[in-house]
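Chain identifiers are assigned alphabetically (A, B, ...) following the order of the sequence lines, protein sequences preceding nucleic acid strands; residue numbering begins at 1 within each chain. All values below come from the heavy atoms of this structure, side chains included, with hydrogens, waters and symmetry mates left out. Keep in mind the model is a prediction, meaning the values are calculated, not measured.
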Number of protein chains: 2
Amino acid sequence: MALTRSEVVRTATRILREYGLGDLTMRRLARELGVQPGALYWHVTDKQDLLVAVTEALLAALPAPPTGPATTQATVRTGEELLAALLPVPDAADVVRVALAWRPEAVTALAAFEELAPAQVGPDVMARRHWARGALDLVLGAVSDHQELLRVAQARSEPDPLPGEARARVAAALQRWARD
Amino acid sequence: MALTRSEVVRTATRILREYGLGDLTMRRLARELGVQPGALYWHVTDKQDLLVAVTEALLAALPAPPTGPATTQATVRTGEELLAALLPVPDAADVVRVALAWRPEAVTALAAFEELAPAQVGPDVMARRHWARGALDLVLGAVSDHQELLRVAQARSEPDPLPGEARARVAAALQRWARD
DNA sequence: ACCTGAACACCGTTCAAGT
DNA sequence: ACCTGAACACCGTTCAAGT
């Protein structure tokens with residue numbers, strides 16, 4: 001049976017989840033799919049396209065953004081859900097940043113945060129977009145930092161930092177960022 | 001005359017400035033220095049070590065952090081200076097993020113921001129550290145985003161986005177982030 | 001339509017051997 | 001002390017040719 005794009009993306013996402021971005025190479029991906037490297041380029045235009053698709057896969061698991069009023073609490077919840085989706089995936093923040101540079105509209109979390117911009121930000125589209133990007137940057141920074149702590153702790157065979165710490169930190173950051 | 005580490009770092013920084021991170025390879029760097037690739041490893045332990053040193057070089061140009069009280073204005077000024085140092089350097093944010101993951105104490109901007117944490121953050125060391133990291137994430141996000149806009153504008157041969165826009169954006173973000 | 005085989009033009013890093 | 005030469009083990013991407 002022929003390979004499909006979604007199978008390629010699924011396997012890529014699995015490699016990322018299990019081994020991180022350093023192991024997510026086109027050649028390794030091809031090997032796991034039992035196919036020659038060149039075959040991937042029938043389903044994917046290049047590696048960036050693949051990483052954007054992987055980002056979409058990571059974000060697809062997120063619940064729909066809250067539809068109510070743009071409260072601080074709603075922002076915090078959205079950020080915590082994003083964090084929960086990304087934290088267990090090694091190098092997830094870097095992958096999302098590639099998508100952000102290459103196809104920002106694929107990063108649905110951005111649109112979600114835009115809806116949640118507090119009143120004080122005003123109606124200006126750019127101001128709201130920048131506010132959303134700031135919220136995302138704060139979450140991605142927390143993800144990178146926490147995964148780095150984890151890397152160091154494991155190298156020293158110390159106990160892992162708890163995900164709850166990253167969660168509390170994101171909550172605090174978004175509370176500060178969202179308050180009117 | 002023998003090569004020195006600082007010559008290696010200087011040339012690496014120049015390549016980054018002129019051509020970006022994609023062209024900053026050990027082989028290319030060796031070529032520009034008129035030396036074999038292996039020679040670099042006498043002066044630098046690996047590429048990450050090099051990128052940390054390049055980050056230090058980029059940040060060395062920054063003025064000393066303001067010594068006065070931790071006002072919002074001082075935070076904004078610090079952020080604007082950091083932005084001014086990084087904005088003209090392609091992929092500067094990615095390079096700083098590597099240093100941040102690998103040797104955070106080399107990112108002096110982090111210590112600078114820590115001093116500037118507003119009173120409301122409190123005396124807790126971790127809280128202040130996270131606040132500083134948030135400030136840095138906001139600036140780095142603005143750098144990445146602006147350089148990305150620039151890339152797109154140049155690809156479409158549209159006029160470049162003005163650095164002043166990035167500056168205004170960083171000011172707004174840090175005002176929001178720093179207010180007590 | 002979808003994939004193979006094979007190549008092209010690269011990478012970072014190591015290390016015996018030279019000076 | 002510092003560097004060369006040469007290798008090792010990889011990369012992403014392209015493309016004629018096959019089925």
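Each salt bridge (charged side-chain N to carboxylate O under 4.0 Å, His left out) pair with one or both residues in residues 54-66 of chain B, not counting sequence neighbours, appears once here: B/Glu56-B/Arg103. The list of salt bridge (charged side-chain N to carboxylate O under 4.0 Å, His left out) pairs with a residue in residues 35-52 of chain B, not counting sequence neighbours, reads B/Arg5-B/Asp49. Applying the salt bridge (charged side-chain N to carboxylate O under 4.0 Å, His left out) definition to pairs two or more places apart or across chains, those involving residues 32-45 of chain B are B/Arg14-B/Glu32, B/Arg28-B/Glu32. Within the structure, salt bridge (charged side-chain N to carboxylate O under 4.0 Å, His left out) contacts touching residues 63-75 of chain B (residues at least two apart or in different chains) do not occur.
Taking atom CG of A/Leu40 as the reference point, atom P of C/dG5 lies 15 Å away to the nearest angstrom. One can place CG of A/Leu3 at 10 Å from P of C/dC2, the figure rounded to the nearest angstrom.
Under the salt bridge (Lys or Arg N to Asp or Glu O under 4.0 Å) criterion, A/Arg77 pairs with A/Glu81, not counting sequence neighbours. Remark: B/Arg167 engages B/Glu80, B/Leu83 in a side chain to side chain contact (heavy atoms under 4.5 Å, CB included) (not counting sequence neighbours). Qualifying side chain to side chain donor-acceptor pair (under 3.5 Å) partners for B/Gln175, counting only residues two or more places apart in sequence or in other chains: none.
Here A/Thr13 contributes atom OG1 and A/Leu58 contributes atom CG; the two are 6.0 Å apart, rounded to the nearest 0.5 Å.
Here, C/dA9 and D/dA9 have their P atoms 23 Å apart, quoted to the whole Å. When the C1' atom is used for both D/dC3 and C/dA16, the distance is 12 Å, rounded to whole Å.
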remark   = Pairs under 3.5 Å (Watson-Crick or G-U), crossing ones as [ ], inter-strand ones as |: DNA chain D comes out as ||.|||||...|||||.||
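For A/Gln36 and C/dC3, the shortest distance from a side-chain N or O to OP1 or OP2 is not below 4.0 Å. OP1 and OP2 of D/dA1 both lie 4.0 Å or more from every side-chain N or O belonging to B/His43.
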For nucleotides 10-14 of chain C, give me every protein contact, N/O to N/O, under 3.5 Å, one pair per line with atom names.
{"residue": "C/dC11", "atom": "OP1", "partner": "B/Thr25", "partner atom": "OG1", "Å": "3.3"}
{"residue": "C/dG12", "atom": "OP1", "partner": "B/Met26", "partner atom": "N", "Å": "3.3"}
{"residue": "C/dG12", "atom": "OP1", "partner": "B/Lys47", "partner atom": "NZ", "Å": "2.9"}
{"residue": "C/dG12", "atom": "OP2", "partner": "B/Met26", "partner atom": "N", "Å": "2.9"}
{"residue": "C/dG12", "atom": "OP2", "partner": "B/Arg27", "partner atom": "N", "Å": "3.4"}
{"residue": "C/dG12", "atom": "N7", "partner": "B/Arg27", "partner atom": "NH1", "Å": "2.6"}
{"residue": "C/dG12", "atom": "O6", "partner": "B/Arg27", "partner atom": "NH1", "Å": "2.9"}
{"residue": "C/dT13", "atom": "OP2", "partner": "B/Tyr41", "partner atom": "OH", "Å": "2.7"}
{"residue": "C/dT13", "atom": "OP2", "partner": "B/Lys47", "partner atom": "N", "Å": "3.0"}
{"residue": "C/dT13", "atom": "O5'", "partner": "B/Tyr41", "partner atom": "OH", "Å": "3.3"}

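Listed nucleotides D/dC2, C/dA1, C/dG5 differ in distance to A/Trp42; the shortest reach to its side chain belongs to C/dA1.
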